[in-house]
Amino acid sequence: MSNHLNAEDATPEKSLNFIEQKLEADLAAGKHGGRILTRFPPEPNGYLHIGHAKAICVSFGLAEKYGGKTNLRFDDTNPEKESVEYVDAIRRDVRWLGFEWKGGEFYTSDYFDRLYELALQLIDDGHAYVDNQSPDEIAAQKGAPGRAGTASPFRDRAPAENRRLFEEMKRGECEEGSRVLRAKIDMAHDNMLMRDPVIYRIKFVEHHRTGKDWVIYPMYDFAHGQSDSMEQITHSLCSLEFENHRPLYNWFISTLGIYPSEQTEFARLNLNYTIMSKRKLLRLVEDGAVDGWDDPRMPTISGLRRRGYTPQAIREFAERVGVAKRNNVIDYSLLEWALRDDLNRRAPRVMAVLRPIKLTVLNYPEGETEWLPTVNNPEDEESGTREIPFGRELWMEAEDFKVEANKKWFRLAPGKTVRLKSAFIVEYVDHVVDSQGAVTEVQVNYIPNSKSGQDVSGVKAKGTLHWVEASHAVDAEVRLYDRLFMEAEPEGHDGRDYMEFVNPDSLEIVSGCKLEPSLANALEETVYQFTRLGYFTTDSKYSKPGHLVFNRAVTLKDGWKG
RNA sequence: UCCCCGAUGGUGUAAUGGUAACACACUGGUUUUUGGUACCAAUAUUUCAGGUUCGAGUCCUGGUCGGGGAACCA
């Protein structure tokens, strides 16, 4: 191994994850003719979530890295739970993440004819049989881990009879549940999945693509590997839960003698304080615990998008999470870090006051306004400047004033002096309290020669506050979010339903917020930094020109331990 | 009870028989017209017991712990 201690420009070789290592080895060995073709195969029975985002980044990202392509394939073999709404949402989300399915768009349902032929081939070769037993009977004969199963009385039917019976199933001549087609493998196999798995079942259910054409549908195990094979997928990457399915995957491919796609499993993403199961997310939607699949608190891609997350942040997050075979639970803070890191560099800074109280500059002339220049983003020279109005009547954040404050308090309080961001230094004069004892107004004097950028006052102000000039302010509603679940692992409590842990305070709607005037024309899909408050974007569902609604994507990191 | 997989700081991920590293989080400091950012520093790691080897996180054996596995779901 070489080492580059003395080479200053030596970029450290980034180590490869185990799949990259396999890909490089396969490429070097000339496997698959040096071709890389992966696939992303969601079932259209729900919206994609952050866990899928990782899978997408892995399958699409790896193919991209090694000059290959990726297919998008909808694994639509169970018409009961699937719909075109989900198909459309999935296409939109993958594209939004920045990936194109250059290998093509496919549907397992497109292969129903071919799959049927393969089933016949299995039957003719004596590798499959029609079983007339009930689900309960079949289950009972499965045996148990460590205990062999027993053969179905129909296991040794002749191929010709099996073919006739299976054709009857296809023609819709049998009742649902009356027959299934089973692969004939080994009822004593250590892997329960190899104990003559059911591969076709009867369902008189209309399919969102094939309509009423079919009344028999292939099971996952009979459809997935063969679909991979038909598309000549070289590397079929999936999550660890399918490890037990790999022997079956390979059995069908070798028994059928079709293209040898290969399955490799990696650990799926788990995030704390949320859940990652389409079925469970669906329940949140159906029970009205959230405002749809794209509720900004949802870990769905569409929810994150509505919340203000960027594709870049999600992809960086997936990159940081890594690819390995060990089960993991990622800290939610890593996701937030990725967002802040991205937005810090790109988000325009603006000023907004969420919980306004009056800030009156006593020594500033009444009715006068001046426009002060301010930078759009200190991290980005090219973002330029804009002007914001300043006057006698301002709004300030209620929590930036305290009647009694100690030395560590940098904000406004009796005796304190602060800088108003991009404007002047002001010093406390007085404050007004209402009958409840709440402060409604703070009065200050400004120091005229302390103007931002040309400060010759010599006055030091420890703190800097955001503010908005009152006469030009724009009203808005702002939605603040907290984690959806109060428990780090809402699914990890035996005997307790995850719905019990839904955080009742995960949404806070704040109205009467005051924004600087430029925000009247806030752009959709632009995420702004509200100075000192966090990153916000207009809500795609509720925000309208006359009624602005902003979502807070994430707060700024708060280093103040006051 | 049987099969498969895994185990490295708080959380992830690397080290491919040769000095256990990187990121996030946490803590402290410097800079700062965002208590942000940036920068610096500090804390903290190989599941256990044997074995092979000059040398083991890595290989072998066994244990322990964790995950997955019996659906006419995917």
Side-chain angles (χ1 to χ4, degrees), chain A residues 1 12 14-18 21 41-43 45 75-78 80-82 131 134-135 138-139 142-149 176-182 189-195 197-203 216-217 219-221 223-224 238-247 265 267 272 278-279 319-338 340-341 344-345 349 351 374-375 378-379 408-411 418-423 425 450 452-453 455 461-466 529-534 555-562:
Chain A
M1 214 186 199
K14 206 180 170 233
S15 52
L16 303 174
N17 66 49
F18 80 102
Q21 290 173 28
E43 181 186 14
N45 66 344
D75 212 353
D76 53 353
T77 59
N78 185 1
E80 280 168 17
K81 300 193 272 178
E82 300 158 4
D131 196 327
S134 70
I138 291 175
K142 280 264 173 177
R147 204 184 76 232
E176 221 167 276
S178 64
R179 293 177 190 175
V180 289
L181 183 68
R182 290 226 259 168
H189 204 286
D190 281 334
N191 184 337
M192 299 292 292
L193 290 167
M194 301 292 275
R195 323 251 261 224
V198 171
I199 58 178
Y200 262 96
R201 77 288 214 191
I202 299 166
K203 268 184 201 285
I216 57 171
Y217 292 96
M219 298 287 289
Y220 165 85
D221 284 303
H224 202 93
C238 62
S239 50
L240 251 27
E241 54 195 303
F242 293 100
E243 266 176 330
N244 292 313
H245 293 250
R246 180 159 23 100
E265 312 84 8
N272 57 15
K278 277 194 274 190
R279 202 187 80 242
E319 189 64 36
R320 298 295 176 127
V321 159
V323 178
K325 294 194 72 160
R326 172 160 56 138
N327 296 307
N328 58 72
V329 182
I330 311 291
D331 265 2
Y332 205 91
S333 60
L334 185 64
L335 217 209
E336 297 187 324
W337 169 84
R340 292 191 187 105
D341 188 55
N344 175 52
R345 276 171 286 167
R349 271 60 169 174
M351 289 212 275
T374 184
V375 297
E379 304 293 319
K408 288 169 116 177
W409 180 255
F410 296 170
R411 288 118 94 152
V418 299
R419 156 79 61 184
L420 296 182
K421 173 77 180 167
S422 298
I425 291 175
S450 67
S452 194
D455 184 355
K462 201 88 165 124
T464 300
L465 306 187
H466 60 278
Q529 183 191 106
F530 288 5
T531 300
R532 297 212 302 138
L533 298 175
T555 61
L556 253 28
K557 191 177 163 192
D558 189 1
W560 184 53
K561 303 295 185 292

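First the proteins, then the strands, lettered A, B, ... as listed; each starts at 1.
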Exercise. Using atom CZ of A:Arg320 as one end and atom C1' of B:rU13 as the other, report the distance to the nearest whole Å.
Key: 11 Å
Quiz item: Is a donor-acceptor pair below 3.5 Å formed from side chain A:Ser422 to base B:rU33, judging by atom type as modelled?
Solution: no
Quiz item: With sugar-phosphate meaning primed atoms plus P, OP1 and OP2, does A:Ala144 contact a base, only sugar-phosphate, or nothing at under 4.0 Å between heavy atoms?
Solution: base
Quiz item: In whole Å, what separates the C1' atom of B:rC22 from that of B:rU45?
Solution: 13 Å
Quiz item: Atom CG of A:Asn78 to atom C1' of B:rA74: distance rounded to whole Å?
Solution: 8 Å
Quiz item: Hey, does A:Arg411 reach any base, or is it just sugar-phosphate, or nothing, if we go heavy atoms under 4.0 Å?
Solution: base
Quiz item: Distance between the C1' atoms of B:rA15 and B:rC40, in whole angstroms?
Solution: 26 Å
Quiz item: Quick one: is B:rU13 close enough that its OP1 or OP2 comes under 4.0 Å of any side-chain N or O from A:Ser15?
Solution: no
Quiz item: Closer than 4.0 Å, any side-chain N/O of A:Gln21 to the OP1 or OP2 of B:rA15?
Solution: yes
Exercise. Tell me what A:Thr464 touches on the nucleic acid: a base, only sugar-phosphate, or nothing, going by heavy atoms under 4.0 Å.
Key: sugar-phosphate
Quiz item: Quick one: does A:Arg340 reach the base of B:rU37 with a side-chain donor-acceptor pair under 3.5 Å?
Solution: no
Self-check item: Interatomic distance, A:His466 NE2 vs B:rU33 P [rounded to whole Å]
Solution: 19 Å
Exercise. Provide the distance between the two C1' atoms, one in B:rU53 and one in B:rC60, to the nearest whole Å.
Key: 12 Å
Practice problem: Looking at every strand, decide which applies to A:Pro247 at a 4.0 Å heavy-atom threshold: base, sugar-phosphate, or nothing. | Solution: nothing
Quiz item: Below 3.5 Å, does any donor atom in the side chain of A:Asn327 face an acceptor in the base of B:rG6, or the other way round?
Solution: no
Quiz item: Would you say the side chain of A:Glu379 and the base of B:rG36 hold a donor-acceptor pair, judged only by whether the two atoms sit under 3.5 Å apart?
Solution: yes
Self-check item: Between B:rG57 and B:rU16 - P atom distance, rounded Å
Solution: 12 Å
Quiz item: On a whole-Å scale, what distance lies between the C1' atoms belonging to B:rA38 and B:rU33?
Solution: 16 Å
Practice problem: Specify the separation, in whole Å, of atom CG of A:Asn244 and atom C1' of B:rA71. | Solution: 15 Å
Quiz item: Do A:Thr531 side-chain atoms and A:His466 backbone N/O form a donor-acceptor pair below 3.5 Å?
Solution: no
Quiz prompt | 5′-ward residue of the pair A:Leu533/A:Gly322 relative to RNA chain B | solution = A:Gly322
Quiz item: With no angle test and no hydrogens, is the base of B:rA74 tied to the side chain of A:His245 by a donor-acceptor pair under 3.5 Å?
Solution: yes
Exercise. Starting from the 5' end of RNA chain B, give me the residue, A:Asn344 or A:Ala267, whose nearest nucleotide shows up first.
Key: A:Ala267
Self-check item: Nearest-Å distance once atom C1' is located in both B:rC73 and B:rU11
Solution: 32 Å
Exercise. Go through B:rA25, B:rU37, B:rC72 for me and flag the one nearest to the A:Val198 side chain.
Key: B:rC72
Exercise. For B:rU47 versus B:rA56, give the span between their C1' atoms, rounded off to a whole number of Å.
Key: 16 Å
Quiz item: Using a cut-off of less than 4.0 Å, is there contact between a side-chain N or O of A:Arg201 and OP1 or OP2 of B:rA74?
Solution: yes
Quiz prompt | Nearest listed nucleotide, side chain of A:Pro135, among B:rU33, B:rC72, B:rG35 | solution = B:rC72
Quiz item: Does any N or O donor sit under 3.5 Å from an N or O acceptor when you compare the side chain of A:Arg532 with the base of B:rG35?
Solution: no
Exercise. Using a strict cut-off of less than 4.0 Å between a Lys/Arg side-chain nitrogen and an Asp/Glu carboxylate oxygen, indicate whether A:Lys278 and A:Glu43 qualify as a salt bridge.
Key: no
Quiz item: Side-chain N or O of A:Lys203 less than 4.0 angstrom from OP1 or OP2 on B:rC73?
Solution: yes
Exercise. Tell me what A:Arg419 touches on the nucleic acid: a base, only sugar-phosphate, or nothing, going by heavy atoms under 4.0 Å.
Key: base
